[in-house]
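Input: a single structure, listed below in structure tokens.
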Amino acid sequence: MAASDWIQRRRLEVQERLAVVERRLAEVRIARGEWTDEEHDPEGFTLTFEWQEAEGTRNSYLAELSELHTADDRLATGRYGICEACGAAIPEAQLELRPARTVCVACAGRRRR
């Protein structure tokens with residue numbers, strides 16, 4: 001499978017998951033209705049928690065879609081699969097798992113330390 005296929009496959013997965021989250025956010029909006037008093041509404045805290053969790057997930061998916069767009073740009077310019085930290089080739093297995101990857105596992109591990 002080619003790199004462009006990995007990127008496209010992951011993009012479709014993320015878009016599907018994003019659509020689920022968007023539907024959940026719409027459901028929470030409806031459930032909240034005109035509600036404004038979280039302290040006295042027994043469902044208030046639960047709805048706020050669900051909203052925050054869904055928004056966080058939504059933002060993560062949007063960020064990943066942006067990273068995948070950048071991966072397309074790197075592919076077009078011949079920089080895809082090259083570690084931005086050390087300049088070594090990122091193994092295909094790593095790219096297949098995370099097509100938006102910009103650093104190899106070794107460099108990613110050094111960044112976490």
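Positions are given from 1, in the same order as the sequence printed here. What's counted below: heavy atoms across the whole structure, side chains too, no hydrogens, waters or symmetry copies.
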Just wondering, do [Y] and [X] contact through their side chains at under 4.5 Å, heavy atoms?
X: R98; Y: W6; value: no
X: Y61; Y: T57; value: yes
X: E64; Y: E13; value: no
X: L12; Y: Q8; value: yes
X: E55; Y: N59; value: yes

Kindly give the heavy-atom pair with the smallest separation between [X] and [Y], and that separation in Å.
X: A100; Y: E67; answer: CB-CB, 3.7 Å
X: W51; Y: R29; answer: CZ3-CG, 3.2 Å
X: P99; Y: R10; answer: CG-CB, 3.8 Å
X: A54; Y: L25; answer: CB-CD2, 3.5 Å
X: V103; Y: E84; answer: CG1-N, 4.3 Å
X: C83; Y: I90; answer: N-CG1, 3.8 Å

Output the distance between atom CD1 (I7) and atom NE2 (H69), rounded to the nearest 0.5 Å.
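Rounded to the nearest 0.5 Å, the CD1-NE2 separation comes out at 11.0 Å.
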
Straight-line distance of C107 SG to R101 CZ, nearest 0.5 Å:
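Answer for the SG-CZ pair, C107 versus R101, is 10.5 Å.
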
Strictly distance-based, threshold 3.5 Å: is any side-chain N or O of T70 a donor or acceptor partner for the main-chain N or O of S66?
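Judged by distance alone, yes, a pair lies under 3.5 Å.
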
For residues L97 and L75: do they belong to one hydrophobic cluster (side chain heavy atoms under 4.5 Å, members Ile, Leu, Val, Met, Phe, Trp, Tyr)?
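Not linked; separate clusters.
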
Would V20 and V14 show up in the same hydrophobic cluster when neighbours are defined by side-chain heavy atoms closer than 4.5 Å?
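The answer is no; the residues belong to distinct hydrophobic clusters.
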
Would you please test R74 and T102 for side-chain contact (heavy atoms from CB on, under 4.5 Å) and show each step?
CA-CA 9 Å; R74 287 194 316 274; T102 60; 3.4 Å; yes

State whether R11 and D72 are salt-bridged, where the test is any N-O pair (Lys NZ or Arg NE/NH1/NH2 against Asp/Glu carboxylate O) under 4.0 Å.
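Answer for the salt bridge query: yes.
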
